[in-house]
Amino acid sequence: MQYSKMFIPTLKDSPADAEVVSHKLMVRAGMIRQVASGIYTILPMGLRVLRKVEQIIREEMDRIDSQETFLPSVQPAELWQESGRWDFYGKELLRFKDRHGREFCYGPTHEEIITDIVRKEVKSYKKLPLILYQIQTKFRDEVRPRYGIMRGREFMMKDAYSFHTDDASAKETYQKMAVAYENIFNRCGLGFKMVVADSGTIGGNFSHEFAVLADSGEDHIGFCDSCDYASNLERAEARAPSPAQDTPKLDNLKEVSTPGKKSVQEVAEFLSVLPQQIVKTIVMDSDQGLVAGLVRGDREINPIKLKNLIGAEWIRSADPKAISEETGIPLGFVGPVGLKLKVFADREVEASNNFVTGANKTDAHFTGVQINRDFKAEQIGDIRMVIEGDPCPKCASGTYQVKRGIEVGHIFILGTKYSKSMKAHFLDLNGKENPMVMGCYGVGVGRTAAAAIEQNHDEKGIIWPVPIAPFAVHIIPTNYSQDAVKKASDSAYKILQERNIEVLLDDRTDRMGVKLNDADLLGMPLQIIIGPKNIESGKVEVKVRKTGVSELHDFPQVLENIPAILKDLVS
RNA sequence: CGGGGCGUAGCGCAGCCUGGCAGCGCACCUGCUUUGGGAGCAGGGGGUCGGAGGUUCAAAUCCUCUCGCCCCGACCA
């Protein structure tokens, strides 16, 4: 492609509203423009990258017999009512009516649609397993879109769905899919981790995320520095506390006055105890009503782990007013002793003795509290947040590291959640009807491209990994109005094209500085710089964008080596 | 949804407090010169100052309402 013919509106200044580097660079490099909050136009340079990512995805999907389909983005409400998600999904689901007043939504995901087609067309175990995927625009009316296309409301996603006769088959496909995903992100040149994850609103009971480690990531990833355990922090397990060596002397329960002391910090100072001798009582709201979670004073509660422990559909922080109204207890003095709510305790609380809790009345706490003696917990489990430095739950010697990650892919085993509610049944060997076991698997296409920039850039601009670069080679004539330079540049352009190498020729008559700066911004892996003096002696400069290293080579012989140079850059 | 900030030319901003010609840099157009790291000179085009209402002789500026966008917390590819 000739630069002068391509629509590449580059900018010198970053737009003021761009916060993260990938957003800034994508706008500056003329890849995207914002239309509304979380909604973007993808310009030619941006689309070339997305298409590259898509192509890699297609190849890896095909390899595991996942077949491409194309599902409608506009979906009838009935299907969502059938699955139960019309009411459950909330405001994130963009809903509207057609001219007849029939309700529709713009698909945020496609379980309903795919389950509908499969239940109609597949009746026999002989047709299973079946894996279908599509690459399509999704819309999720997120509360807070941000960071350009990294978290837009409208976004391109590859979503695959699998249907099985049983759990074992689903698991097998899940493993294949995990390998395919590793291939995809490896091929895109990304450093990532496959981590244990929560399944959120998609549902199901088993899932992993693919997280690209980057400071701008919105997820927190906990991983062991010694073994291969890695998990989203919202799911990361804590190592079980070791049981006490000797039986401590148990104090009696005693009420003490703590006027105005609400926070752990305040109470600890006031009573001269360590924060870990306090047990905090966090009241959460869920589909099961208000529940209380107990964690040590020096810990944070992990709502997701609590949700999973109690088997709730959803959980969130309770409104302080609701707490006071339902329990009659002022915030800051809630404790498990005599509390009317169901109480769930972290294992560390069970392992603690003589601790301090709120006394369920204003300006008072209990000391010498003992679980099982002074109160009973509904259930005891792992409900605290792990932090960096905590011991690994899986191996003896490791400790947790915590880093930020961008979730570029997510795979789930859904079980029979959708097949049961939507009656996607098949007949087995014995002619007996069973619900299909399902899995679903997503890759954020735009997010993957953005993550690639987060990991591959410098102060001058983008440094594309070869496999997803918009062009492999960028030819830069330093002065395109000079005959010798123009002639050499045109011929290099032609020869590389004949070799099926994607090449961008900067045929603009601008000064060299302008062109070199744009080239560094746009970030093609290889630059061929052709100037009058060098070309006179039969040389051109070949510069590797990533290293900045530039070498003189014989021209045109060097063109034969370009494929090899590019190949070297991939590994 | 709660808290904070910002809307002035394509991009980045000043002007607003203290009302009085709508400005600057970059980008864009024309001409000449220039061409190895974002050129110089000369000339030029481009604005409902987010929108509506109000106060005033006079509003980008003050007041009210409204819309949009961004940032910080609960959700997600």
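What's counted below: heavy atoms across the whole structure, side chains too, no hydrogens, waters or symmetry copies. In what follows, every chain begins at residue 1, and chains take the letters A, B, ... in the order their sequences are listed.
Residue F155(A) contributes atom CZ, which lies 5 Å from atom C1' of A77(B) at whole-angstrom precision. Nucleotide G36(B) holds its C1' atom 12 Å from the CG atom of L552(A), rounded to whole Å. Rounded to a whole Å, the CZ atom of F88(A) is 12 Å from the P atom of C75(B). For the pair L93(A) CG and C76(B) P, the computed distance is 14 Å after rounding to whole Å. Put simply, CG on D13(A) is 17 Å from P on C24(B), counting in whole angstrom units. Look at OH on Y147(A): it is 14 Å from C1' on C76(B), rounded to the nearest Å. Taking atom CG on D141(A) and atom C1' on C1(B), their separation rounds to 13 Å, with Å as the unit. Atom-to-atom, CD1 of I535(A) to P of G36(B) comes out at 16 Å; the value is rounded to the nearest Å.
For H410(A), the listed nucleotide lying nearest its side chain is A77(B); candidates were C72(B), A77(B), A27(B). Of the candidates G36(B), G25(B), C72(B), the closest approach to any side-chain atom of R146(A) belongs to C72(B). Taking every side-chain heavy atom of K91(A) into account, C1(B) is the closest of U35(B), C1(B), C75(B). Comparing G37(B), A77(B), C13(B) by their nearest atom to the side chain of K460(A) picks out G37(B). Each of C70(B), C11(B), C13(B) was ranked by its minimum atom distance to the side chain of S37(A); first place goes to C70(B).
Rounded to a whole angstrom, the distance from the P atom of C65(B) to that of C26(B) is 41 Å. Distance noted for atom C1' between G53(B) and G10(B): 31 Å (whole Å). Comparing the P positions of C69(B) and A77(B) gives a spacing of 23 Å, expressed to the nearest Å. Taking the P atoms as reference points, U8(B) lies 14 Å from G15(B), given to the whole Å. Comparing the same atom, C1', in C76(B) and in C17(B) gives a spacing of 43 Å after rounding to whole Å. Between G68(B) and G23(B), the distance separating the two P atoms is 31 Å to the nearest Å. Between the P atoms of C29(B) and G46(B), the separation comes to 15 Å (whole Å). Rounded to whole Å, the P atom of U30(B) lies 14 Å from the corresponding atom of G45(B).
Both the sub-6.0 Å distance and the 45° axial angle are not jointly satisfied by K515(A) relative to the ring of Y3(A). Taking the ring axis of F555(A) as reference, the NZ or CZ atom of K539(A) does not stay both within 45° of it and closer than 6.0 Å to the ring centre.
Using the Watson-Crick or G-U wobble rule with both distances under 3.5 Å, U18(B) pairs with nothing in any strand shown. Searching all strands for a Watson-Crick or G-U wobble partner of A74(B) with both distances below 3.5 Å returns nothing. Nucleotide U55(B) has no partner under the Watson-Crick or G-U criteria, as no pair reaches both atom distances under 3.5 Å. G31(B) is paired with C41(B) under the Watson-Crick or G-U wobble criterion, all donor-acceptor distances under 3.5 Å. Of the nucleotides present, C26(B) is the one that pairs with G10(B) by Watson-Crick or G-U wobble criteria, both distances under 3.5 Å. When both distances must be under 3.5 Å, the Watson-Crick or G-U wobble mate of C69(B) is G5(B).
Only T509(A), D510(A), R511(A), M512(A), G513(A), V514(A), L516(A), N517(A), D518(A), D520(A), listed by number, bring a heavy atom of residues 508-522 of chain A to less than 4.0 angstrom from any atom of RNA chain B.
The base of C75(B) is paired with the side chain of R151(A) by a donor and an acceptor separated by under 3.5 Å. Scanning atom types as modelled, no donor and acceptor separated by under 3.5 angstrom connect the side chain of R144(A) and the base of C70(B). Contact of D219(A) with C76(B) (side chain to base): a donor-acceptor pair of N or O atoms is detected under 3.5 Å. The base of G36(B) sits within donor-acceptor range of the side chain of N534(A), with an N or O pair under 3.5 Å.
Side-chain N/O atoms of N308(A) and D198(A) include a donor and acceptor closer than 3.5 Å. Side-chain contact, N302(A) with E234(A): no donor N or O sits under 3.5 Å from an acceptor N or O. Side chains of K52(A) and Q55(A): a donor-acceptor N/O pair is absent below 3.5 angstrom, by distance only.
Nucleic acid contact for G152(A): base, since at least one base atom lies under 4.0 Å from a heavy atom of the residue. Heavy atoms of Q482(A) sit nowhere under 4.0 angstrom from any nucleic acid atom. M150(A) comes within 4.0 angstrom of a nucleotide base, judged by non-hydrogen atoms across all strands. At the heavy-atom level, R153(A) lies nowhere under 4.0 Å from the strands shown. In this structure, V408(A) reaches the sugar-phosphate backbone alone: every heavy-atom distance under 4.0 Å involves primed, P, OP1 or OP2 atoms, never a base. Residue G531(A) is in base contact, counting any heavy-atom pair closer than 4.0 Å across all strands shown. F139(A) comes within 4.0 angstrom of nothing in the nucleic acid, heavy atoms only.
Within 6.0 Å of CG on D215(A) lie no more than 12 heavy atoms contributed by other residues, nucleotides or ligands.
Nearer the 5' end of RNA chain B, as judged by each residue's closest nucleotide, is the contact made by P532(A), out of P532(A) and M157(A). The residue among S14(A) and A36(A) whose nearest nucleotide of RNA chain B is located toward the 5' end is S14(A).
Side-chain nitrogen and oxygen atoms of S481(A) include none within less than 4.0 Å of the OP1 or OP2 phosphate oxygen of U35(B). Between Q34(A) and C70(B) there is a side-chain polar atom (N or O) within less than 4.0 angstrom of OP1 or OP2.
With sequence neighbours excluded, the residues that form a side chain to side chain contact (heavy atoms under 4.5 Å, CB included) with K486(A) are Y480(A), D490(A).
Note: H410(A) and F412(A) have parallel aromatic rings, judged against thresholds of 30 and 60 degrees for the angle between ring planes. Ring geometry for Y89(A) versus W80(A): interplanar angle over 60°, hence perpendicular rather than tilted (30 to 60°). Aromatic ring pairs are classed by plane angle as parallel below 30°, tilted from 30° to 60° and perpendicular above 60°; the pair F210(A) and Y181(A) is tilted.
Aromatic pair Y174(A)/F206(A): ring centres closer than 6.0 Å.
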